[in-house]
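Just so you know, residue 1 is the first one in the sequence shown, and it goes up from there. All values below come from the heavy atoms of this structure, side chains included, with hydrogens, waters and symmetry mates left out.
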Amino acid sequence: MFSLNSVIKANQEWKAQKFLIYGVQGLGKNTFGATFEKPILARIEDGAGATDIATFPKLIEYFQEMEEIINVLHGEHDFKTLVIDTLDWLERIIWAKVISDKPATEKGYAVTDINDYGYGKGYEMATAWHRHIIGGLDSLRLNRGMDIVCLAHAEVKRHEPPDSEPYDRYQIKLHKSASALWQEWADMVLFCNYKTRIKKTDVGFGKDVSRGEGDGDRVIFTEERPPFKAKNRWSLPPEIHIGKDKTWSAFHKALHESTNGRYPMPSKLI
């Protein structure tokens with residue numbers, strides 16, 4: 001029943017969080033995922049061999065296997081976080097699912113690629129299966145209290161805003177419709193990159209050459225800027241300096257503080 005006597009503050013009840021973390025190759029996204037509370041890794045790509053994190057012994061190769069993992073995690077266990085590695089590899093499995101379900105176009109032509117359906121129809125069908133997976137993840141959050149951490153790769157694409165000149169920016173390596181869906185779903189979209197400084201060098205004849213320099217320090221960006229997409233709902237600092245810390249503790253501390261303690265610090269960091 002809806003009643004004015006039952007009105008509460010929207011942030012009164014804390015729910016498990018939805019994280020979408022993307023970044024450049026080799027930055028340590030798996031290591032970041034392993035720092036969340038009692039994580040278990042769903043591996044779609046084989047990139048976590050050096051990470052100390054619980055995982056299933058088999059890589060996910062088929063859509064039904066992703067469903068099976070979600071179903072299994074609805075049972076009794078002690079895990080608190082599901083880490084998915086990665087969304088862009090999950091997308092390939094979803095495309096294969098679409099093609100398997102509908103191996104021919106409406107005109108009877110064989111389909112071997114998601115683009116073969118024409119006019120974006122393949123991506124539209126794929127988006128429905130992305131929603132299906134999201135529904136299962138939300139069920140884990142609400143019924144099992146599990147945080148969901150989705151990892152993804154970054155790619156550089158041309159962005160053409162309606163109010164300025166086009167420019168390159170980092171984006172999540174997904175088809176645009178899937179990317180928009182996952183970003184809308186997530187509580188936080190976090191872009192991770194190395195800290196870079198631009199150094200100008202005089203090469204003579206009145207010319208300067210600009211070079212990027214860095215020492216491997218990592219940064220998490222939590223708010224959108226022209227070079228990248230990002231967002232958060234908890235007033236996190238726009239930049240969180242991680243440096244070379246493999247525990248990524250600066251992020252967890254910042255989220256703990258910005259939520260007034262409702263986001264618990266991972267036990268290994270206490």
Side-chain angles (χ1 to χ4, degrees), residues 16-56 59-60 79-90 137 140-141 146-155 170-174 179 182-183 185-196 214-225 227-234 236-259 263-270:
Q17 294 293 287
K18 303 169 285 187
F19 301 86
L20 199 171
I21 300 168
Y22 75 110
V24 298
Q25 189 75 24
L27 180 124
K29 296 183 290 296
N30 276 301
T31 305
F32 188 8
T35 65
F36 287 80
E37 183 68 4
K38 295 183 179 178
I40 183 167
L41 180 66
R43 295 180 301 150
I44 307 169
E45 65 167 290
D46 194 10
T51 306
D52 183 18
I53 182 174
T55 187
F56 297 95
L59 290 178
I60 300 168
F79 297 111
K80 298 295 184 183
T81 307
L82 172 60
V83 182
I84 298 176
D85 182 30
T86 59
L87 284 186
D88 33 305
W89 281 61
L90 175 61
L137 298 178
L140 285 177
R141 291 177 49 247
M146 295 186 73
D147 288 330
I148 307 297
V149 176
C150 298
L151 307 179
H153 295 99
E155 63 179 353
Y170 288 104
Q171 298 185 51
I172 300 165
K173 193 177 180 181
L174 291 170
S179 180
W182 283 98
Q183 289 181 71
W185 169 78
D187 294 312
M188 280 162 272
V189 177
L190 308 173
F191 173 58
C192 304
N193 202 355
Y194 294 106
K195 190 68 175 179
T196 303
D215 55 8
D217 281 0
R218 294 159 295 174
V219 179
I220 300 174
F221 298 95
T222 71
E223 295 180 358
E224 183 170 351
R225 295 292 185 270
F228 52 80
K229 299 279 287 186
K231 73 170 188 179
N232 80 92
R233 295 175 177 170
W234 300 108
L236 287 166
E239 296 184 21
I240 302 175
H241 185 263
I242 301 299
K244 298 178 179 64
D245 179 16
K246 293 184 178 180
T247 70
W248 297 70
S249 60
F251 168 77
H252 296 289
K253 290 177 182 177
L255 184 55
H256 179 74
E257 292 172 1
S258 66
T259 60
Y263 173 77
M265 285 288 293
S267 56
K268 67 187 75 174
L269 299 178
I270 296 175

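- Closest non-hydrogen pair, His252 versus Tyr263, comes out as ND1-OH, 3.0 Å.
- A donor-acceptor pair is defined here as one N or O able to donate and one able to accept, closer than 3.5 Å; such a pair exists between the side chain of Arg43 and the backbone of Phe56.
- Contacts of Glu224 classified as salt bridge (charged side-chain N to carboxylate O under 4.0 Å, His left out), with partners at least two apart in sequence or in another chain: Arg169, Lys229.
- Atom CG in Leu41 sits 11.5 Å away from atom OG1 in Thr81 (nearest 0.5 Å).
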Walk me through whether Tyr194 and Val219 qualify under side chain to side chain contact (heavy atoms under 4.5 Å, CB included).
CA-CA 6 Å; Tyr194 294 106; Val219 179; over 6 Å; no

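- For Ser258, there are no side chain to side chain donor-acceptor pair (under 3.5 Å) partners at least two apart in sequence or on another chain.
- By the ring pair (Phe, Tyr, Trp, His ring centres under 6.0 Å) test, Phe228 is found to be paired with Phe191, Phe221, residues two or more places apart in sequence or in another chain being considered.
- We find that Lys244 and Asp217 are joined by a salt bridge, their nearest charged nitrogen and carboxylate oxygen being less than 4.0 Å apart.
- Minimum interatomic distance between Ile21 and Lys29 (heavy atoms only, all atoms of both residues): O-CD, 4.3 Å.
- Of the inter-residue distances, the one linking Met146 atom CE with Lys38 atom NZ reads 11.0 Å to the nearest 0.5 angstrom.
- The nearest pair of heavy atoms linking Val83 to Gly33 is CG2-O, 3.6 Å.
- Put simply, the side chain of Lys231 gets close to the backbone of Ala186: a donor and an acceptor are under 3.5 Å apart.
- Cys192 SG to Tyr170 OH: the interatomic distance, rounded to the nearest 0.5 Å, is 12.5 Å.
- Looking only at distances, a side-chain donor or acceptor of Arg218 sits under 3.5 Å from a matching main-chain atom of Gly243.
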Determine, stepwise, if the pair Ile40 / Leu82 fulfils side chain to side chain contact (heavy atoms under 4.5 Å, CB included).
CA-CA 5 Å; Ile40 183 167; Leu82 172 60; 4.2 Å; yes

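- Remark: Asn30 CG to Thr35 OG1 distance equals 11.0 Å, nearest 0.5 Å.
- The side chain to side chain donor-acceptor pair (under 3.5 Å) check on Asp245 picks up Thr247, Ser249, with sequence neighbours excluded.
- For NZ of Lys253, the number of neighbouring non-hydrogen atoms (other residues, nucleotides, ligands) closer than 6.0 Å is 12 at most.
- Side-chain contact between Ile84 and Leu137: present, with at least one pair of heavy atoms (C-beta onward) separated by less than 4.5 Å.
- Between Lys246 and Thr31 the shortest heavy-atom distance is O-CG2, 3.4 Å.
- Here the SG-CG distance, from Cys150 to Leu87, works out to 4.5 Å after rounding to the nearest 0.5 Å.
- The side-chain contact (heavy atoms from CB on, under 4.5 Å) test with Met188 is passed by exactly one of Leu255, Thr222, Ile220: Leu255.
- Residues passing the salt bridge (charged side-chain N to carboxylate O under 4.0 Å, His left out) test with Lys80: none are found, sequence neighbours excluded.
- For Pro238, the side-chain contact (heavy atoms from CB on, under 4.5 Å) test picks out Glu223, Arg225, with sequence neighbours left out.
- At least one side-chain heavy atom of Gln17 sits under 4.5 Å from a side-chain heavy atom of Trp234.
- Note on Asp187 versus Arg233: salt bridge recorded, some NZ/NE/NH1/NH2 to OD/OE distance being below 4.0 Å.
- In this structure, CD on Glu155 lies 8.0 Å from CG on Leu174, to the nearest 0.5 angstrom.
- For the pairing with Phe19, the side-chain contact (heavy atoms from CB on, under 4.5 Å) check across Leu151, Val189, Asp147, Ile148 returns one residue only, Asp147.
- At least one donor-acceptor pair closer than 3.5 Å links the side chain of Arg141 to the backbone N or O of Ala16.
- With sequence neighbours excluded, the residues that form a side chain to side chain donor-acceptor pair (under 3.5 Å) with Thr86 are Glu45, Asp88.
- A pairwise comparison of heavy atoms in Ala34 and Pro39 identifies O-CG, 3.6 Å as the closest pair.
- For the side chain to side chain donor-acceptor pair (under 3.5 Å) test, no residue two or more places apart in sequence or in another chain qualifies with His256.
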Working note: Ile44 + Leu59, criterion side chain to side chain contact (heavy atoms under 4.5 Å, CB included); need CA distance, chi angles, decisive distance, verdict.
CA-CA 5 Å; Ile44 307 169; Leu59 290 178; over 6 Å; no

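- Remark: Phe32 pairs with Phe36, Trp248, Phe251 by the ring pair (Phe, Tyr, Trp, His ring centres under 6.0 Å) rule, at least two apart or across chains.
- The two residues Ala254 and Ile240 have their closest heavy-atom pair at CB-CD1, 3.9 Å.
- Checking Glu37 against Ser267 by side-chain atom types alone, a donor-acceptor pair falls below 3.5 Å.
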